[in-house]
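Heads up, the thing below is written out as structure tokens.
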Amino acid sequence: MIVKYKPKRNWLQTIFHTEILQGLALTLSKLFSPPITRQYPKEKPPIYPGFRGQHALVRDPQSGTAKCVACMRCAQICPSRCISIRYHQEEETSRRVMDSFNIEALRCVYCGYCVEVCPVNAITMTDIFEYASYDRESIYFDKEKLLSNWDDFMSSSTYDQSSYVNPFWRPRGLPESELTAAKRVPVPDDWRIENQFIGRKARSKKITGGE
Amino acid sequence: MLSKFIFLYCALVIVITGILAVRFRNPVHSVLAVLVLFFHMAGLYLLLNAEFLAAIQIIVYAGAILVLYLFVLFLVNIRQEIKTERFVANHNISKFISFLVFLILIAVTQSFRLGTPGKWTTDAIRQATHTKALGIEIFTSYILPFEIIALILLVAVVGGILLAKQDKQEVVMAQKEGSGSLTRGGKK
Amino acid sequence: MQILILLVQIAILVGVVLLHVAYATYFERKIIGHMQVRMGPMLVGWHGLLQPIADGIKSFFKEDIIPEQADKPLFLAAPIICLVSMMVSLAVLPFAKGWALADINIGLLFIFAMSSLASYGIILAGWASNSKYTLLGGMRSMAQVISYEISLGLSLVGVMMLSGSLNLTQIVEAQGSSFTGMYIFTQPVAFFVFFVAMLAETNRVPFDLPEAETELVSGYCTEYSGMRYAMFFMAEYIGMFVMASIGVVCFLGGWNGPFNVPFFPPIWFILKVYLIMFVFIWIRATLPRYRYDQLMTIGWKLLIPLALGNIFFTGLVKIVIN
């Protein structure tokens, strides 16, 4: 890194405080620039794909209940151990049936690993983020609440319920062939991870007008 | 009539706050009593048409000197009174002496008589405003005492600077001896 | 009868000034907000116009907490001393020709005396709260006021010499109604010294060390709450108003303007005061706080010599012209 020092002030600049005057000029020019404030409760922030908001269990359009197969992967990968699942095994088909599915959202760190690891796209994180509450019970999500979260999300957004697949549901860095069938569902082109721009990349993209 | 009343009020408050300043246990409260005293002295000056002196009384005494006293008190930080024995074992003697002095003062006031009015009568001062009158007097007839006072103040300023200034050699020697206590905290 | 009229005038002046104080806070918050590319208060009323009133009601109904170890009488008296001494100096300000409550001969000295008294409120608040932060804030304020009062007084000596009076009305009249008659053109150095000293006297940024919130929580008013805190706030804003008014009277030609406004003569005075207040706020939005030793260096080594030199130079020019 090249450190560039400011040139020394000469006596004229010292007497007339040119640096202070420069600062004053800057603040005065900013006085007439439009504010960048977002008046939040009136004006909602834009939400991009991959937003990790309120949890939901995806309701299967055919059966009308959760898609979950009780494989326990999400409960195992969860770093804050906030998911607890109970299931029983059916005698004849030896299929696992999920009995209860609880997420303690106050402990959740919103890493999204559970969503990435789910083989059947049964759990997701919605775009809803305004669910603060005065009591703890309403933020302790059980199965019914999680399913109704999904219904709320679907009714509040314009996404198609049957084909909604977020690219951020997919574990990163794995080739397509190693993913489960549900994870290989094609997504719209601008939803692909390769076309998502975050941080510095997004800024340079915006400047060049690449949208 | 009104001016007499105001004078009595000011005089009374001056006496009371004077006593309070001595009597208060907390030095900060004493200083505040003196502050009130200065204000009423300024009131007395106003009664005498000396508005410049009144303002200067407040600015210099109340605004600067008393603040410096407070500064010293804060730095020393005497929250509680220092409980010491009386300086004089039998303080009744001192009470007696001060009573005598009081009597003498009363006796002396009997011989008070007004001097002959000079160039600056009350009307003349009112005409020229007090500030102007004072300025003219100081810078013409009393220029020598004025300059002498200025010289004395200069001596005081020089003395103060000399006391506050550190001897460079002392600092160097102290550093050589390995005790950096004379240098200011960590600044080189 | 005359006393009654005077009382009514006093009531009007105090009411107007308090309302002004309330809206000066709004003015400041809005301007600083926009300078920081924010919006400032927006929710109470149209564009937050009722915000100061909401603030006032809030502070009025807040609990008044007195620390257990505080010196109670002084703790209660300090904000009142501060506010009263600032308000009293309003009496001598000439808002327009003949619009001064008390047109006394030593108007300028009176304001100095009252502003030095206001510093007692701050000092006593600092001491009486019995807390380290407040004590440090009070001591800083003390040292700052003593140092800068000298340069403030000396900077105005040039104005006194030119106008030959301490009466604020006569100072304005001595400047005449022409634009070039303003003393800012004949006394630019004095105006600079006055302006910097004025910032320091009113504890404004960049000299707000007595209430440096990054180091001293809130300085001398750390332990205050509710209405008493609001009193300090009001005193500070009235102090700003008074100092800005002195600047207008002594350097910017007082109530004189390009043309006379028929029914409301103080309009030019008020506009000029608001110009100076705007610069106060502008500087607050721009400059960081000075370090304490820098503050003292500016006061003693720069401003006082400048002011003294200005007095000497003014006297010299006056002698040469005469």
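This one's a predicted model, so the numbers in the text were calculated from it and none came from an experiment. These numbers come from the heavy atoms of this one structure, side chains and all, not from hydrogens, waters or symmetry mates. Naming convention: chains lettered A, B, ... in sequence-line order (proteins, then strands); numbering from 1 in each chain.
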Taken to the nearest 0.5 Å, the spacing of A/Ile36 CD1 from C/Arg38 CZ works out to 10.5 Å

For the CG atom of A/Leu31 and the NE2 atom of C/His34, what is their distance to the nearest 0.5 Å? 7.5 Å

Please say which of C/Leu287, C/Ile283, C/Thr286 ends up in a side chain to side chain contact (heavy atoms under 4.5 Å, CB included) with A/Ile20. C/Leu287

Is it true that atom [atom1] of [X] has more than 12 heavy atoms of other residues, nucleotides or ligands lying nearer than 6.0 Å?
X	atom1	answer
C/Lys58	NZ	no
A/Arg81	CZ	no
A/Tyr110	OH	yes
C/Phe278	CZ	yes
C/Phe312	CZ	no
A/Lys44	NZ	yes

Please classify the contact of A/Leu26 with chain C as side chain, backbone, both or neither, using a heavy-atom distance under 4.5 Å. neither

So, for C/Ala285 and A/Thr27, which heavy atoms are closest and what is the spacing to 0.1 Å? O-CG2, 3.7 Å

What heavy-atom pair brings C/Met39 and A/Pro35 nearest, and what distance separates the two atoms? CG-CG, 3.6 Å

Could you give me the CA-CA distance, side-chain angles and deciding distance for C/Leu43 and A/Lys42, then say whether side chain to side chain contact (heavy atoms under 4.5 Å, CB included) is met? CA-CA 11 Å; C/Leu43 288 181; A/Lys42 291 179 201 157; 4.0 Å; yes

Tell me if a side-chain donor or acceptor on C/Trp282 pairs with a main-chain N or O of A/Leu24 at a distance below 3.5 Å. yes

